[in-house]
Amino acid sequence: MTRAIIPTIALLLAAAPVARAQGTAGSDAAPTTPAAVPFGPGERLEYKVSVGVFGGIGNGSMEVVDVDTIRSHPTYNLRFTLTGGVPFYKVNTRLESWLDVAQLMSRRFEQDQKEGKFKRYRMFDFFPEERRWARADKDDEGELPTDLPLDDVSFLYFVRTLPLEVGQTYTFPRYFKEDGNPVIIKVLRKEKVSVPVGTFNTIVVQPIIKTDGLFGEGGEAEVYFTDDEQRILVQMRSKVPVLGHLNLVLQSYTPGERLASPATRLGARTRP
């Protein structure tokens, strides 16, 4: 059930009018000033997950843990978790990404999935300047299709920095795996919704990803972002085979501290 759900909950959506513009590999003038973003270390969003007749099946969270330095590049350590399940199928999944604070591209991606009898652990290091990735957990490497890669989790945060205009369809070819590109986003409408943390004006988008999972063309997924500069994900709905509808609803929100300069962030951690 959730093996199709979990990765694609995180690989939700991303789009921009300049989506097909790619950076220049190996540029000597890579920016170092933090990009303007609506999130920062300490931000945490908590969700209740429900599926069809089963009702509430678990809890999810999205969090900006801290600022880490990866190979001399300051990055946001982003974390997505999902726990719960039904009596015959339990889930305990953690996805983490390290998003470059200046260039908003992924430097590392870690995936730790436990879903029923299925278990998978992977860690990718991305070397965008060389257009390659390497696995940290095994001897394996390959070519990146872009020099501005994004992974399942960093896509979620990147879309929050972008304008979403009702009636527009955006194409975004920056997923780190070639067969996952392009991600297509349709901006459907504006709608007021109420969730446990309050009532929000939202922008409703439909992500379409080249997959049979949650955001495949038959899933008719709708994702609700706040219609403001924060672009907080407050609700998601999608069809799930056999079980009916899956709902993800925001339960609590803790704002973070926006980053002025990576050098001034106390407690910033350095990783290999």
Side-chain angles (χ1 to χ4, degrees), residues 1-14 39 42-65 77-97 109-123 151-157 159-160 193-200 202 204-207 209 211-216 218-226 230-256:
M1 175 181 69
T2 53
R3 194 178 310 174
I5 293 173
I6 307 305
T8 47
I9 281 181
L11 180 62
L12 292 179
L13 37 128
F39 52 82
E43 183 189 66
R44 181 175 174 84
L45 300 92
E46 297 184 347
Y47 299 92
K48 179 69 70 175
V49 181
S50 62
V51 176
V53 297
F54 293 102
I57 64 167
N59 300 290
S61 69
M62 293 171 52
E63 181 179 10
V64 184
V65 180
N77 178 199
L78 311 173
R79 181 181 296 158
F80 172 87
T81 66
L82 186 64
T83 59
V86 294
F88 56 86
Y89 197 100
K90 299 297 183 181
V91 174
N92 185 2
T93 288
R94 174 181 58 85
L95 306 176
E96 295 201 40
S97 176
F109 176 56
E110 184 178 14
Q111 182 178 39
D112 188 2
Q113 287 179 257
K114 300 179 181 68
E115 303 170 20
K117 296 182 179 179
F118 174 79
K119 295 182 179 180
R120 176 166 61 184
Y121 178 82
R122 302 187 296 178
M123 180 181 282
D151 56 61
D152 301 42
V153 179
S154 56
F155 252 125
L156 263 178
Y157 285 85
V159 73
R160 294 173 59 186
V193 300
S194 295
V195 296
V197 293
T199 299
F200 300 91
T202 67
V204 185
V205 305
Q206 180 183 29
I209 300 172
T211 173
D212 293 328
L214 189 64
F215 296 105
E220 300 180 8
E222 293 188 346
V223 182
Y224 297 67
F225 287 101
T226 55
Q230 292 180 294
R231 290 287 193 265
I232 298 170
L233 195 163
V234 299
Q235 181 172 277
M236 192 221 17
R237 296 176 176 175
S238 183
K239 291 182 179 179
V240 179
V242 181
L243 298 176
H245 285 84
L246 176 139
N247 297 309
L248 186 75
V249 177
L250 184 65
Q251 301 292 303
S252 69
Y253 171 69
T254 302

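For the single chain, residues carry numbers from 1 onward in sequence order. What you see below is based on every heavy atom in this structure, not just the backbone, and it leaves out hydrogens, waters and symmetry mates.
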Tell me, do [X] and [Y] make a side-chain contact under 4.5 Å, heavy atoms counted?
| X | Y | value |
| --- | --- | --- |
| Asn77 | Glu63 | no |
| Phe225 | Val159 | yes |
| Val153 | Glu96 | no |
| Met62 | Phe39 | no |
| Val64 | Tyr157 | yes |
| Thr202 | Gln235 | no |

What distance do [X] atom [atom1] and [Y] atom [atom2] have between them, rounded to the nearest 0.5 Å?
| X | Y | atom1 | atom2 | answer |
| --- | --- | --- | --- | --- |
| Leu95 | Arg122 | CG | CZ | 9.5 Å |
| Glu110 | Asp152 | CD | CG | 13.0 Å |
| Thr254 | Arg44 | OG1 | CZ | 8.0 Å |
| Arg231 | Leu156 | CZ | CG | 14.0 Å |
| Leu45 | Ser61 | CG | OG | 9.0 Å |

Discussion item. Is there a side-chain contact (heavy atoms from CB on, under 4.5 Å) between Ile232 and Arg160? Walk through the geometry before answering.
Written reply: CA-CA 7 Å; Ile232 298 170; Arg160 294 173 59 186; 4.1 Å; yes

Least distance between heavy atoms, [X] atom then [Y] atom:
| X | Y | answer |
| --- | --- | --- |
| Ser194 | Thr199 | OG-OG1, 2.8 Å |
| Thr93 | Lys114 | OG1-N, 3.8 Å |
| Leu250 | Pro196 | O-CD, 3.4 Å |
| Arg237 | Asn247 | CG-OD1, 3.1 Å |
| Ser154 | Asp151 | OG-N, 2.8 Å |

Discussion item. Which residue is it: Leu233, Val234, Asn59? I am looking for the one with a side-chain contact (heavy atoms from CB on, under 4.5 Å) to Tyr47.
Written reply: Leu233

Discussion item. Here's a test for you: under salt bridge (Lys or Arg N to Asp or Glu O under 4.0 Å), which of Arg120, Lys119, Arg94 qualifies with Asp112?
Written reply: Arg94

Item to complete: Show your working on side-chain hydrogen bond (donor to acceptor under 3.5 Å, both in side chains) between Gln230 and Tyr253 and close with a plain yes or no.
Response: CA-CA 12 Å; Gln230 292 180 294; Tyr253 171 69; 3.2 Å; yes

